[in-house]
Amino acid sequence: MKKRQKIPTKTELLQLQKLYKTDERIGERLGGVPAYLVAYWRRKKNIPKYSLPKFSEKEVRDLWERYGDDEKSGLELGISKAAFYNWRRRYGIKEKPAFLKLEQLELNFPGSKLPVQASSLYGQRCMVQKILARVADVEKVEIGEEIEFEPDLVTCSGESARVIDLFKERGTEYVWNPNKIVLTLNNGCVHDGHSGAAGNRVVREFARRQGIKMFYDVGEGFCHQLIVEKGHVRPGQFALGTSEQMSSFGCVSAMAAPIDDTVMAGLWATGKHAITVPETIRITVSGRRYRGAYATDIALSIIQQLGEDAATGKVIEYAGSTISQMSIGERLALSSLSCATGALAAICTYDATTRRFLTGRTITRYQPILPDKDAEYKDLYQTNIEQLVPQIASWGNGRKIRPVAELEETAVQQVILGSATAGRFEDLRVAAEILKSKQVHEDCRLIILPGSRRVYLEALKKGLIRVFLEAGAIVMHPGACLQQLAGDRFVAKDERCLTTVGLPAPTSATGTTGATGANQADGPEIFTVSPATAAASALNGVITDPTRFVR
């Protein structure tokens, strides 16, 4: 006897409609259910038929005249390149624009700063102003204006136990919204006032009591990787967290800023946070990448060009042909490393790559936010990366960024490859291609840190983990504590360590890994490099330019 088809609930039907739009496609997803039956279920549950967006001929023609490109025009309307093309054909708009508009120009001046007057090319409101106006539920915000708002997401990792203690001291029993809080645990990290295991237990019990569903225990992965990978943060949203590398979420066109533990505890209780609308600088990156240069190298080059003060307290908005060709993983590395400039946040412009990445990762509808065509920026920078070679950056107050070739043949005792900054499958694949059928140098330790359990499983399935183990590397579980790996338990004070972990912000004395004494007299020398440079250096036991190892 054929099993009777289970009728989906109203919530399930609404979610399916968001994803698949028509009754026919919903029926296919449910296993061949006829479209008329899906329509019947909709009517019984008072769900109207999905209506596709309508755009006038004037809207379509104006955008086509402005951009002359289906993808850019579609982004303005929040639709795909193919969808805009169909609308254009529907209205018989086939000819290319007769005149080239300024929005279609892309100039290639390496490392140049453009005059602020050029802001008239891009619009009146930048992405930050639009995002903050949305979360504050106001029509418009001005630079320097102080606003109060409810964030879309807040997150804690190694600091969670301390934040919980501060929250309890306030006398508040329950958090303001458990569906907007993400908690992650790293194995072995010492929480303030708790040993690692005791602190983790405090966090587990708190998450269970408060009903926090977005809780990821030891071994699931690093906070920033998990939140992006699982679609918890979406374009146009504003997130707050206790990590200094909150700028990572800019890879999916979201804004995220760091706050301290005390502020986070108050936010859990009230759900409100105040911020002064920051200024924005726009960096346009163009040019074809040189062999051996990766997102980390691009980020380090930008940090060096901006210097210490250009982006302090501001938001960086990335755009340009190079950014549009980057994967979300590469954008995450770029956004994450941007905190080393002192920037409050970094945002990559929304495009088709962002849309494709989020498809299937979230069932919640989101509204992409793009800057106005005449947005006003504090500064405009333009850089060309065609001649960029692999870069290396030292930690500490004497931070220096230079080409890897300048430090070649310098001995290295430990290499950490992975983490939230560079622990995705694509990063591990680059390293595996260099290490395949070879051995890590006998005087060097190579530690691999997959960014998440999902990345680990994919690397295991594709044979990357086997390559690392056969090469003599140590493969740790996802989310392993960087505080220990870069600390004195693993690296002696007179040793040298390369890592793909992001540079600490200028105001931080220790950095993301929590390695006290980094690049000081009483601590090891630590350098940030790309995954390719890390793998090539581990292979030779000395700092090595990876150019000759990659295709």
Side-chain angles (χ1 to χ4, degrees), residues 132 135-136 145-186 189-196 198-207 209-212 214-216 222-224 227 232-233 237-249 254-278 312-315 339 342-345 420 481-483 502 504-514 516:
L132 290 176
V135 294
E145 178 184 351
E146 184 169 333
I147 61 170
E148 188 178 62
F149 65 94
E150 179 180 334
D152 297 297
L153 190 79
V154 296
T155 177
C156 286
S157 184
E159 312 81 7
S160 299
R162 170 167 169 72
V163 176
I164 290 169
D165 288 342
L166 293 170
F167 175 77
K168 290 177 179 178
E169 288 175 7
R170 297 178 62 92
T172 308
E173 188 173 357
Y174 295 105
V175 296
W176 109 95
N177 189 342
N179 296 320
K180 291 189 175 185
I181 297 175
V182 181
L183 298 179
T184 59
L185 290 181
N186 297 334
C189 284
V190 178
H191 304 266
D192 249 3
H194 305 277
S195 68
N200 286 348
R201 184 175 66 179
V202 168
V203 178
R204 291 186 188 103
E205 292 175 351
F206 182 82
R209 183 171 184 271
Q210 297 287 342
I212 297 173
M214 291 184 289
F215 167 68
Y216 299 100
F222 294 95
C223 169
H224 307 103
I227 290 175
H232 293 324
V233 64
Q237 291 192 334
F238 192 109
L240 293 167
T242 50
S243 165
E244 68 178 15
Q245 291 183 323
M246 286 298 293
S247 56
S248 302
F249 300 153
M255 181 178 175
I259 56 176
D260 64 32
D261 300 347
T262 305
V263 176
M264 178 61 75
L267 186 54
W268 282 5
T270 65
K272 296 293 182 182
H273 182 69
I275 190 174
T276 301
V277 180
T312 301
K314 303 179 180 68
V315 174
C339 74
L344 179 69
C481 186
L482 288 166
Q483 182 179 359
T507 55
S508 174
T510 58
T512 308
T513 64
T516 57

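Computed over heavy atoms, backbone and side chain alike; hydrogens, waters and symmetry mates excluded.
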Quick check: closest heavy atoms across [X] and [Y], and the distance to 0.1 Å?
X	Y	value
Ala161	Val203	N-CG2, 3.8 Å
Gly271	Pro151	O-CD, 3.7 Å
Gln237	His232	OE1-O, 3.8 Å
Met255	Ala345	CG-CB, 4.0 Å

Find the distance between [atom1] ([X]) and [atom2] ([Y]) and round it off to the nearest 0.5 Å.
X	Y	atom1	atom2	value
Cys339	Leu344	SG	CG	11.0 Å
Leu240	Lys180	CG	NZ	11.0 Å
Phe249	Phe238	CZ	CZ	12.0 Å
Leu185	Tyr216	CG	OH	12.5 Å
Cys156	Arg162	SG	CZ	11.5 Å
Ser160	Asp261	OG	CG	9.0 Å

[Y] and [X], any side-chain heavy atoms less than 4.5 Å apart:
X	Y	value
Arg170	Thr270	yes
Ser243	Phe222	no
Met246	Ile259	no
Ile181	Gln210	no
Ile227	Met214	no

### Query
For Trp176 and Glu150, does a side-chain donor sit closer than 3.5 Å to a side-chain acceptor?
yes
### Query
Distance-only, no hydrogens or angles: does the Asp152 side chain make a donor-acceptor pair with backbone N or O of Ala239 under 3.5 Å?
no
### Query
What residue among Asn177, Thr242, Leu267, Val163 forms side-chain contact (heavy atoms from CB on, under 4.5 Å) with Val154?
Leu267
### Task
For Phe215, enumerate each residue passing the ring pair (Phe, Tyr, Trp, His ring centres under 6.0 Å) test, keeping only those at least two apart in sequence or located in another chain.
none
### Query
Once the angle between the rings of Trp268 and Phe206 is folded into 0 to 90°, is it parallel (under 30°), tilted (30 to 60°) or perpendicular (over 60°)?
parallel
